[in-house]
Amino acid sequence: MTIDLDAVYTDLHRHPELSFAEHRTAGIVADHLRQLGIETTEGVGRTGVVGVISNGDGPTVLLRADMDALPVTETTGKPYASETPGVMHACGHDVHVTCLLGAAEQLMAARSEWSGTLLLVFQPAEEVGSGADAMVADGLYDRFPKPDIVLGQHVCPLPAGMIGVRGGPAMAAADDINVVLHGSGGHGSRPESTIDPVVMAAATVMRLQTIVSREVPGSDAAVVTVGTLQAGSKNNIIPSEARLGLNVRTFDEGIRERIVSSIRRIINAEAQASGAPEPDIEMANGFAVTVNDPEATEKTVAALRTVVGDDKVIDPGPVTGSEDVGALATAAGVPLVYWLLGGEDPAKFAAVVTDSLMDKTIPANHSPDYAPLPDPTLGLGVRALVAAARTWLG
Ligand SMILES: [Zn+2]
Ligand SMILES: [Zn+2]
């Protein structure tokens, strides 16, 4: 049997499912694994799927793919665009699932060439930062062999045929912070009788943008984004509250704590400046820093070079995106190597290489226009997983 990776990919892309609702996807994964003769367990961490290939003595290698999609309305115009309104594989997790199925087939077929145990982990709910934890909490390492190494990849807007990987802190910690600014509502014609939360919110947003530029050392990377700002219902009504949704990215625990404390200070101070009651500041879901083990990364990079060529494996610098794959390695107390798989048409880069707006004109993960090239991305993603796994297996 040979899995038709293109067909799997376009099918998954047409039918995206949100975090912890990956029922159809998990079913497709489990069917393929079972057809390959791989011992398969569904419902691990709610919608996760685990395949185990036990192939004699040797190390245990965990290969991970996340499965969930995002609440985004697709605008790529691709013939295989999402058929589920308001949901899209905008982060490319359908690429990850497809590549891991392809790698499972190849590694299963090449069993006589390696020894050890292969753990194929199809993880739910990466986008909300809790799928890896859910699988661990559901006994991932009690019910299945504990790995010696955790490996995985994420498709990204590098040119197809390139791989980005970095030892040490590779992807950012992410924290969501939800804020409610309490004012005092009233008629739009009589602002003197109100405490206007819209003005308070505007001042707060601008002041928050001074944290990274004025309080974080130039040598440290960090991002503070106000992604949601909601207030009011009608032009002539001053509302009684405003809501802000913040997202913070950092690569260092000290900087992370300092930024969160600055955010609290500024929000409270702006409320005080307005004569408003104390705001509500709630820490919501978070991701830890994704740290690649430097030695294990070096060893894995050698394998990845054999797939795309020596000069095509680059250090992308610290990536401000976040991931929960690290939780799988941390829970097992073993090294992680997580790399970025280029998925863009290289021609796009040639066209805009001199354009300072390059990053804005090539749609990236989470964009409604994000559309990685299935060919050669899927094939290279399979080969990267196989080569990396073979480096660690006996
Ligand atoms: Zn994502
Ligand atoms: Zn993702």
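Just so you know, these numbers use all the heavy atoms, side chains as well, and skip hydrogens, waters and symmetry mates. All ligand and atom numbering here is 1-based and tracks the order in the structure.
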Please table the atom pairs, donor to acceptor, closer than 3.5 Å between any side-chain atom in residues 192-199 and protein atoms at least two apart or in another chain.
{"unit_1": "Ser193", "atom_1": "OG", "unit_2": "Arg190", "atom_2": "O", "d": "2.8"}
{"unit_1": "Thr194", "atom_1": "OG1", "unit_2": "Pro191", "atom_2": "O", "d": "2.9"}
{"unit_1": "Asp196", "atom_1": "OD1", "unit_2": "Val198", "atom_2": "N", "d": "2.8"}

Using 2.8 Å as the cut-off, note every protein N, O or S atom close to the Zn ion (ligand 2).
Cys91 SG, His93 NE2, His154 NE2
Please list, chain by chain and in numerical order, all residues satisfying side-chain contact (heavy atoms from CB on, under 4.5 Å) with His182, sequence neighbours excluded.
Val180, Glu241, Pro277, Asp280
Option from His96, His154, Gln123 for which side chain to side chain donor-acceptor pair (under 3.5 Å) with Asp66 holds:
His96
In His15, Arg14, His13, the residue satisfying side chain to side chain donor-acceptor pair (under 3.5 Å) with Asp94 is His13
Of all pairs that satisfy salt bridge (charged side-chain N to carboxylate O under 4.0 Å, His left out), the ones with a partner from residues 215-227, not counting sequence neighbours:
Glu215-Arg265
Can Arg243 and Gln230 be counted as having a side-chain donor-acceptor contact under 3.5 angstrom?
no
